[in-house]
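Each chain gets a letter, A, B and so on, in the order the sequences are listed, and its residues count up from 1. Note that the coordinates shown come from a computational prediction; the quantities given were computed from them, not determined experimentally.
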Amino acid sequence: MDIAILTRMAGDIEKNIPVHEETYLRISEHLVKFWTPKMRSDFYKHVTSNREEFSETLNKVVDELRAKANA
Amino acid sequence: MTKVFVSMDSAALSMGANEVAQAIAEQAASAGLEITVVRNGSRGMLWLEPLVEVETVAGRVGYANVSAEQITELMTAGFLSGAAHDSCLGLVEELEFLKNQTRITFARVGITDPLSLVDYEAHGGLKGLRTAIAMTPAKIVNEVTESGLRGRGGAGFPAGIKWNTVLNTESDQKYICCNADEGDSGTFADRMLMEGDPFTLIEGMIIAGIAVGATEGLIYVRSEYPHAIDVLNQAIAIANENKVLGDSVLGSGIKFNLEVRVGAGSYVCGEETAMLESLEGKRGMVRAKPPIPALVGLFGKPTVINNVMTLAAVPMILADGASAYQSFGVDRSRGTQVFQLAGNILRGGIVELPFGITLGDLVNKVGGGTRSGRPIKTVQIGGPLGAYLGEDSWDVQMGYESLAAVGGMLGHGGVVVFDDTVNMAKQARFAMEFCAEESCGKCTPCRIGSTRGVEVIDRIVAGEDQAMNLELLEDLCEVMTDGSLCAMGGLTPLPVRSALKLFPADFGIKVEVK
Amino acid sequence: MTLLSDPRGTMPMRSGIGEADYGTPKSNSETLVSVTIDGETHIVPEGTSVMRAAGEAGCDIPKLCATDSLQPFGSCRMCIVEIDGRRGTPASCTTPVEDGMVVRTQTAKVAKLRKGVMELYISDHPLDCLTCSANGDCELQDMAGVAGLREVRYGMDGKNHLDAPTDASNPYFSFDESKCIVCNRCVRACDEVQGTLALTIEGRGFNSKVSPGGLNFLSSECVSCGACVQACPTATLQEKSVIDLGMPTRTVQTTCAYCGVGCSFNAELRGDELVRMVPTKTGGANEGHSCVKGRFAWGYASHSDRVTKPMLREKITDDWREVSWDEAIQYTATKLKEIQAKYGDNSIGGISSSRCTNEEIFVVQKMVRAAFGNNNIDTCARVCHSPTGYGLSTTYGTSAGTQDFKSVAQSDVIVVIGANPTDAHPVFASRMKRRIRQGANLIVIDPRKIDLVESAHIKADHHLQLQPGTNVAVINAIAHVIATEGLIDEDFVAERCDPGPFNRWRKFIELPENSPEVVAAQSGVPAETIRQAARMYATGKNAAIYYGLGVTEHSQGSTMVMGMANLAMATGNIGRDGVGVNPLRGQNNVQGACDMGSFPHELSGYRHVSDNAVREQFEMLWDVKLMSDPGMRIPNMFDNAISGEFRGLFVHGEDIAQSDPNTMHVEKSLKAMDLVVVQDLFLNETSKFAHVFLPGTSFLEKDGTFTNAERRINRVRPVMAAKNGKQEWQIVCELAQAMGYEMHYDNAAQIMDEIAEITPTFKGVSFAMLDEVGSVQWPCNDAAPSGTPIMHVDGFVRGQGQFMETPFVPTEERSNRKFPLLLTTGRILSQYNVGAQTRRTANVTWHPEDVLEIHESDAAMRGIVDGQKIAVSSRIGETILVAHVSERVPAGVVHTTFHHPTSGANVITTEFSDWATNCPEFKVTAVEIRPADSSAAPTNTLESVLTKA
């Protein structure tokens, strides 16, 4: 899937989940619950190689999820 | 300053009263005489209109059937000081026709300026309202109940009982609706009161409102009464200005607002539930009862619906007490009745008398027999759907019970006289035709039955299969009487059956009528 | 003169073959009174009419103007009785029983009167019973018999209406005035049942006649719901199909396949030919009412466009080739397996249909999960109510509306948000309007001035006419007022909701950015209007929210659903009659499609595929290993098709090429696939890109269940044999088997048994049970054996209610200099969705083409006049529509429907979608409009795309 679409989808999710301590958890939860594994892994790859383009929260989301997936 | 009275009642106007009043004013002015022309209501002596009355030291002197052209002549004769003239009647109050009446409801009509609240009060107005304000609602209702006042619209239902039902029904809103859709032929009392003494009706409605806890009143006036509508609207405006109506009636803190609504030209809207439909802006169609309007009335709220005459009797009852009113009348017909003499009669007009006068006395003595001078053949009482009564009923007393006993009904008090030239088959046919014309079309007996009634009567008169058609007419009358939804269809057989029974010959009947 | 044919021995039952008519509505009083009728004593609820009491006791009183769907009227005078102690002969319909009342229904007196009345009726009625279309189903005929009328002594040459003309303007029914008995049933049905008030009685007395106002029925306000036809006791208002085909002789009870109201109907047949559809009085959703679609627009089922044989083609440029079922299924299976072999298990998927039965949907998702071996199953609910599922399950714990339809009769404040029920859910709208006429307050939140804002005897107390795309801002402002003005139901919240999220929400909602004053600038709704609406909602006793796609089809669809859920919790408007949060579902079985596990992330009963315990149950039952990760959503499928990862699609009864946004994109992805399989009734837009066409069955041929918007599971019964020779679930099973997965059922009932076995909320459901009780609302299980009309009564399904913060994030799709207008889309009464069915019926009489509603000033500015062809362009594409200058839309907003493929509304809709569910943002597209003939020919129109295809 086009990475631009995934990036926009992740951005929409982030914008709609209010910013507080649980935000990254809720975004992670959302991605696990609704995204296919391939969408997630494509997105992780893209974020980890273009970190500066993504917010701190999304970076944190990806790190958490990768850690979990590898665990 | 000399006061001259020229009626502004529609009946007088139709005879040229305005022109007469104008001519008097103009000629007095040009003669340099200072006079006041008061436009009063009508005295109810319709055969004398335009009636001009001049105030003198002795009392009000009347001149009958005055025309504008006659004014010069009358001026010359000195009528402004009550001088003699061919048309002079002498003191109006002393006229036989008036002198023997008991005018309670019509006490002020023809005497006062209808739109002068000062005049109204000076003649005893607002006394009943002041009394009512000092009473509890239950006490007012009790007073009306005790007076024996019954609905003057035709049904004769005790007013106090109706009011009591509304009083005892909890609701955030209640209404007083005055039925002024006076549609019966030969009736005009409502109109004459509204034109001649509107404050009496207004006062009666306010008292009703206080009695049952209603703050809104509506007067449903037929569109054929433009003058009455105009007078009522002016009177309501005056009453509002003078705090008789409004947020605090006479400073009592009690609210009552009043509004005139104009009907849409349908006879059946005089039926109370059809009137409610019409007031709600719907087609004037009869509602099934129950529920009765006292419980579920206008816009579903408890509603007092009374006729003009009923409500107009109330101020006097409160002013003079229930027993004063109750002391008049016979049987359970208490108080006075405003009879309206019409048709082929010598002296037509308003006759207010206690219940109990005989029919014969009413039409012959008071009314003076027919205008044509021919013998009276029949009298129809209670409008176009009232029974025809013949000579054998001359002795019947005018009252709800006594009339019912001879198959008649009082209705709204209209008495229409016919001389011996009338064809009663035509009258019977007219009753059915009237019903066909005015039926709201809701229930089958009235909607189809009335049309079939005309056809069957025609066949009887034409001599077609009379025995079968007479039986059919009788069956139809039974279906209409017992099967109709309201009094419209239910009463139509009354004139038909009575005409047939009294005057079978007029129908060309060759067989025996059952 | 002898009269008529012999009367039938039974009382009339016009309301539907076999349904009793007690003449007046049931009384719901709990006080009982005793009444003696013809010597026998009966106990009935207070307020019951004498007529109904007698009827329930098996003693039918003759009647003509009374029918139990209408308030008593008392006009026909056939039902008169004698009552001890009462004068005269009162009508039994308008007389309520009183305790101790003694009634005599059969006396010489009333018999004579009834006969007399009947003689009058017949004196103005044609004596053509034997050739009349209602012969045998005419209450007048029956009553003439009951009254013992043998002759009409009036003769037939009196004044009459026998020459009155017939109004045949309506395509479905005719009005033969000569047969009218002026009973007013049609007028009253139009007023009381439908609430359109299109009919009236014109004239009075003998000249009284039913009139639709205006020239004729078609040109009148009539919405052709048919309530008048159903109410008519004679042949005056009669279905043209009955006139043409004759009286039906048998009945099959089934469920309408149009909107999510799910009306029950008696399909009345003559032999195997469907003659008419009559709404079932005992139908839980509709209680005897219907709309123009359900009652009349069923002719598409036998339309000549129906494809009844499977078809194949190698390339989409080839012609279709009719093949045998075996060949079609084998070909499809082989192709799908080839694709999977080449591109991996995840390279194929399926889309289930909200138009099909629960059983059909269940087998489709089972085929995908078990035979395809992935979770690439999605449903058309994706493009309509997926945010409802997300929002309500997050806050309340269940993906469904909270109330039954009846509940609205107890509402004191009704809030309609982004829904147009009078067009899209007409039968429910009639219920709602009835309640509003009784005095309930109404708040409408919609960019358009929909009919509910102001129509006959209906006027919204507040219309919050917001800019498209600002729903969340407005709902937040309403909540802000409630929170800051002390209107929160603190007791309810403390008792029922999770305090942590609530406190956080409260802090959020009280922020000044959510105040009406700030939101007024964003939404265009005056702050004071928002404040008044908020107070009305919070303080009006029972307040209920009803919403539609105007809520969900936004980039913040899910947020808005949660915003409404918050509001209901904050004011304690949940868990009893008259309140709640209620989606008005678009499709007949969109609820069922979601319940049946059509979403890629969850199995039936809304259980996530990652839940090991649940998955194991399915694996055990289905004897197959299931994937534990979610599969692709429809938009993911399209995107992955373009990128080459997704190559085969099974589309069940959905026309994605017409109904999904950004048509160009959809078509590009369809063209990129190796195999597109369409199972449908007609060759539709999607089938233009398909390789295999599998003919489906119409609802008249199906055996199964639909679940409506109130979670009511209704039976769909086969009215006629399947025209394609197979039930749709059979086709799916055969395909799964051909792919190597053993899947077999003897009948649809077995599928429901499997659903019940594996889905806790359906545990008590079976065809046998439904056939016995009629219908049931899930959850239906041991805890609620007779179903659950109202949800969350004692506690939320998820335990404690969860408040969710709902920040307003404006959509990126906004008007600009190039595209200064906002386009929003909707539905019209006579047409349905992409129009595949309704366009193939006489419903096109009312809506032959899609139009673009545009405000006068916007039209004038562009030199556009009413009826002119105009080009509508967005940054995505351009299409041609006809302009309709209208006051319903405010300046700056335009509106169209999408019922006709030629108008291609979705050619211009964008790729934006709900952040949580990817439900497309159909309701906001920035567009510009110009007269179509004033400049160069439009590009990228649907037609040009199709020609290229």
Side-chain angles (χ1 to χ4, degrees), chain B residues 264-269 273-274 281-291 299-300 433-456 458-459 464-465 468-469 471-486 488-490, chain C residues 49 64-66 71-80 82 87-91 93-96 98 109-110 112-125 152-155 157-161 181-184 187 191 197 200-209 438-439 457:
Chain B
S266 160
Y267 177 74
V268 80
C269 286
T273 60
K282 299 179 195 155
R283 179 184 156 75
M285 203 182 241
V286 177
R287 291 181 190 171
K289 290 186 274 194
F299 299 112
E433 219 180 343
F434 181 78
C435 180
E437 182 65 34
E438 297 292 349
S439 163
C440 80
K442 182 168 176 177
C443 75
T444 316
C446 182
R447 178 172 60 89
I448 305 179
S450 52
T451 294
R452 294 290 170 256
V454 173
E455 295 165 3
V456 174
D458 284 349
R459 283 200 289 264
E464 281 176 39
D465 202 351
M468 187 281 276
N469 277 309
E471 187 187 327
L472 181 55
L473 182 62
E474 179 49 33
D475 285 353
L476 174 62
C477 285
E478 189 180 335
V479 168
M480 289 180 75
T481 304
D482 296 337
S484 292
L485 180 58
C486 81
M488 174 91 219
Chain C
S49 70
L64 279 169
C65 72
Q71 292 301 312
F73 192 60
S75 78
C76 76
R77 317 311 288 174
M78 284 300 289
C79 74
I80 49 171
E82 290 192 77
R87 270 196 314 157
T89 46
C93 62
T94 55
T95 307
E98 281 171 18
K109 170 94 184 156
V110 298
K112 186 173 182 204
L113 288 175
R114 286 172 190 163
K115 196 169 171 178
V117 168
M118 189 47 67
E119 191 175 5
L120 287 172
Y121 271 123
I122 304 302
S123 73
D124 186 23
H125 194 83
V152 178
R153 292 171 291 170
Y154 299 107
D157 44 10
K159 203 173 161 191
N160 60 58
H161 298 85
I181 60 168
V182 203
C183 64
N184 283 253
V187 178
D191 293 359
L197 296 95
T200 186
I201 300 286
E202 209 177 83
R204 64 180 189 227
F206 195 79
N207 298 324
S208 303
K209 62 173 194 174
Q438 285 168 359
H457 291 225

- What are the two closest heavy atoms between B:Gly483 and C:Arg77, and how far apart are they? O-NE, 2.6 Å
- Query: If you round to the nearest 0.5 Å, how far is OH of C:Tyr154 from OG1 of B:Thr451?
  - Reply: 11.0 Å
- Query: Quick one: does C:Arg204's side chain have a donor or acceptor within less than 3.5 Å of a partner on B:Arg447's backbone?
  - Reply: no
- Nearest non-hydrogen partners of C:Val117 and B:Pro445, listed with the distance: CG2-CG, 4.2 Å
- Under 4.5 Å from any heavy atom of chain C - which part of B:Arg459: side chain
- Using a cut-off of under 4.5 Å on heavy-atom pairs, state which of B:Cys446, B:Ser484, B:Pro291 scores highest against chain C. B:Ser484
- Atom pair NZ/CG of C:Lys112 and B:Asp482 - distance to nearest 0.5 Å: 9.5 Å
- Query: Does C:Lys159 offer a backbone N or O that forms a donor-acceptor pair with the side chain of B:Glu455 under 3.5 Å?
  - Reply: yes
- Query: B:Glu478 versus C:Lys109: any side-chain heavy-atom pair under 4.5 Å?
  - Reply: yes
- Message: Using a 3.5 Å distance criterion without hydrogens, assess whether the side chain of B:Arg452 forms a donor-acceptor pair with backbone atoms of C:Ser123.
- Response: yes
- Task: With sequence neighbours left out, write down each residue that passes side chain to side chain contact (heavy atoms under 4.5 Å, CB included) with B:Thr481, or none if nothing qualifies.
- Result: B:Pro493, B:Arg497
- Task: Can you see which heavy atom on C:Asn184 is nearest to which on B:Met285, and at what distance?
- Result: OD1-CE, 3.8 Å
- Query: Which heavy atom in C:Pro96 sits nearest to a heavy atom in B:Pro290, and how many Å separate them?
  - Reply: CD-CG, 3.6 Å
- Query: For B:Ile448 and C:Tyr121, which heavy atoms make the closest approach, and how far apart are they?
  - Reply: CD1-CA, 4.0 Å
- Heavy-atom distances under 4.5 Å only: say whether C:Ile201 touches chain B with side chain, backbone, both or neither. both
- Name all residues meeting the side chain to side chain contact (heavy atoms under 4.5 Å, CB included) criterion together with C:Thr94; count only those two or more places apart in sequence or in a different chain, and write none if there are none. B:Ala288, C:Pro72, C:Ala91
- Heavy-atom contact with chain C under 4.5 Å, split by part of B:Met480: neither
- Min side-chain heavy-atom separation C:Val182-B:Thr444 under 4.5 Å: no
- Measure the spacing between SG of B:Cys443 and CZ of C:Phe73 and express it to the nearest 0.5 Å. 10.0 Å
- For C:Leu120, is it the side chain, the backbone, both or neither that has a heavy atom under 4.5 Å from a heavy atom of chain B? both
- Message: Please determine whether side chain to side chain contact (heavy atoms under 4.5 Å, CB included) holds for the pair B:Leu472 and C:Glu119, giving the CA-CA distance in whole Å, both sets of side-chain angles, and the decisive distance to 0.1 Å.
- Response: CA-CA 11 Å; B:Leu472 181 55; C:Glu119 191 175 5; 4.0 Å; yes
- Query: Non-hydrogen atoms of chain B under 4.5 Å away: do they reach the side chain of C:Glu202, the backbone, both or neither?
  - Reply: backbone
